[in-house]
Amino acid sequence: MTNLSQFKTFTSGLPIQENLMPVLFVGHGSPMNGIEGNEFSNKWASMAQNMPVPTAVLVVSAHWFTKGTHITAMDFPKTIHDFGGFPQALFDVVYPAPGNPELAAETAGLIQHTQVGLDHDWGLDHGAWTVVRHMYPEANIPVLQLSIDYTKDARYHYELARELQLLRKKGF
């Protein structure tokens, strides 16, 4: 499958499973995609228009590596500019999406195979905001970010994802 149309054709034949929200894997490419209107950013906007509006967005970003698993748990996560050498316009971006401490705590509570720490410092790194700001430009949907535990293997993260799938029934 090389495009969204082929993906839709494929998924239309799958059985409906209690109206689960979709899971997307989106690579942001160049951080400049966060401020440019191009085929990538336009596709992200189109994807958002072609699926139900989520109650919240949970982003697992490859830019937040931690020892242990953590989730952002503040009311308003800051916009992190974790890159260098780009035009000032990219550094000037603020994506003011709300967080949701209650949803963060609920999400942490769903995870049984490890403890998930509630983080009040990180925010939204460019692996999150460069994409989400094109999908939800009004910044009116809570965005939470989950870290990747660099001390754990792929199996650990797979099991974490299995436990997180319950969020899909709640509109995440």
Side-chain angles (χ1 to χ4, degrees), residues 21-48 51 53-108 110-111 114-154 156-158 160-161 163-165 167-168 171-172:
M21 287 298 292
V23 173
L24 303 175
F25 172 83
V26 181
H28 65 74
S30 168
M32 290 299 292
N33 291 331
I35 60 172
E36 294 176 343
N38 58 36
E39 66 180 302
F40 303 107
S41 59
N42 293 339
K43 184 58 75 174
W44 300 331
S46 173
M47 286 189 307
M51 62 183 176
V53 176
T55 56
V57 174
L58 178 65
V59 176
V60 180
S61 170
H63 295 283
W64 190 23
F65 286 104
T66 57
K67 186 173 184 178
T69 300
H70 303 275
I71 189 167
T72 56
M74 65 284 286
D75 288 319
F76 291 96
K78 64 186 173 193
T79 304
I80 300 172
H81 301 92
D82 53 328
F83 44 72
F86 289 94
Q88 186 60 42
L90 193 59
F91 291 92
D92 291 341
V93 172
V94 174
Y95 184 65
N100 189 310
E102 294 81 20
L103 286 176
E106 181 179 343
T107 300
L110 288 174
I111 307 304
T114 193
Q115 183 175 358
V116 177
L118 300 178
D119 182 272
H120 300 279
D121 297 318
W122 182 250
L124 301 177
D125 62 50
H126 81 276
W129 66 259
T130 57
V131 174
V132 179
R133 74 183 297 260
H134 288 289
M135 296 180 79
Y136 307 106
E138 300 83 19
N140 59 355
I141 296 172
V143 179
L144 290 76
Q145 193 165 321
L146 189 74
S147 70
I148 296 175
D149 185 342
Y150 65 83
T151 69
K152 302 296 184 186
D153 62 11
Y156 169 90
H157 290 95
Y158 176 79
L160 183 63
E163 290 184 290
L164 289 171
Q165 76 173 330
L167 296 174
R168 296 175 63 205
F172 277 72

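Using modelled atom types, no side-chain atom of Arg133 and backbone atom of Ala139 make a donor-acceptor pair closer than 3.5 Å. Without hydrogens or angle criteria, Lys78 side chain to Asp121 main chain gives a donor-acceptor distance under 3.5 Å. Counting only distance, with no hydrogens or angles, the side chain of Asn42 and the backbone of Asn38 share a donor-acceptor pair below 3.5 Å. In this structure, the side chain of Ser41 engages the main chain of Glu36 through a donor-acceptor pair within 3.5 Å.
The two residues His28 and His63 come nearest to each other via the heavy atoms NE2-NE2, 2.9 Å. Shortest non-hydrogen contact noted between Gly68 and Ser147 is O-OG, 3.7 Å. Ala128 and Ser61 make their closest contact through N-OG, 4.5 Å (heavy atoms, listed as atom of the first residue, atom of the second, distance). Across Leu103 and Ala56, no two heavy atoms sit closer than the pair CD1-CB, 3.8 Å. Across Ala62 and Ile148, no two heavy atoms sit closer than the pair CA-CD1, 3.8 Å. Listed here is the closest heavy atom pair of Pro54 and Ile141: O-CG2, 3.8 Å.
Leu110 places a side-chain heavy atom less than 4.5 Å from the side chain of Leu167. Two residues are said to be in side-chain contact when any heavy atoms from C-beta on lie closer than 4.5 Å; Thr55 and Phe172 meet this criterion. A heavy-atom distance below 4.5 Å is not found between the side chains of Asp119 and Ile71. At a threshold of 4.5 Å between non-hydrogen side-chain atoms, the residues Gln145 and Trp122 count as touching. Put simply, the side chain of Val59 does not reach to within 4.5 Å of the side chain of Trp129, judged on heavy atoms. Residues Leu146 and Leu164 are in side-chain contact: their nearest non-hydrogen atoms beyond the backbone lie under 4.5 Å apart. In this structure, the side chains of His70 and Gln115 stay at 4.5 Å or more apart for every pair of heavy atoms. Using a 4.5 Å cut-off on side-chain heavy atoms (C-beta onward), Thr79 and Leu124 make no contact.
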The test is side chain to side chain contact (heavy atoms under 4.5 Å, CB included); show your working for Leu24 and Met135 and say whether it passes.
CA-CA 12 Å; Leu24 303 175; Met135 296 180 79; 3.7 Å; yes
Applying side chain to side chain contact (heavy atoms under 4.5 Å, CB included), run through Thr69 and Ile111 and close with a yes or a no.
CA-CA 10 Å; Thr69 300; Ile111 307 304; over 6 Å; no
side-chain hydrogen bond (donor to acceptor under 3.5 Å, both in side chains) between Tyr95 and Thr130: does it pass, once the steps are laid out?
CA-CA 9 Å; Tyr95 184 65; Thr130 57; over 6 Å; no
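Here His157 contributes atom NE2 and Thr114 contributes atom OG1; the two are 9.0 Å apart, rounded to the nearest 0.5 Å. Taking CE of Met74 as the reference point, atom NE2 of His120 lies at 7.5 Å (rounded to 0.5 Å). To the nearest 0.5 Å, atoms CG (Asp153) and OH (Tyr158) are separated by 13.5 Å. Note that CD1 of Ile35 is 9.0 Å distant from OG of Ser30, once rounded to the nearest 0.5 Å. The CD atom of Glu106 sits 10.0 Å away from the CD atom of Glu102 when rounded to the nearest 0.5 Å.
Here ring-ring contact (aromatic ring centres under 6.0 Å, His included) pairs that include residues 130-152, with residues two or more places apart or in two chains, are Trp44-His134.
Defined by atom type and a distance below 3.5 Å, a donor-acceptor pair is present between the side-chain atoms of His126 and Asp82.
Taking the six-membered ring where tryptophan is involved, the planes of Phe91 and His81 are tilted, since the angle between them lies from 30° to 60°.
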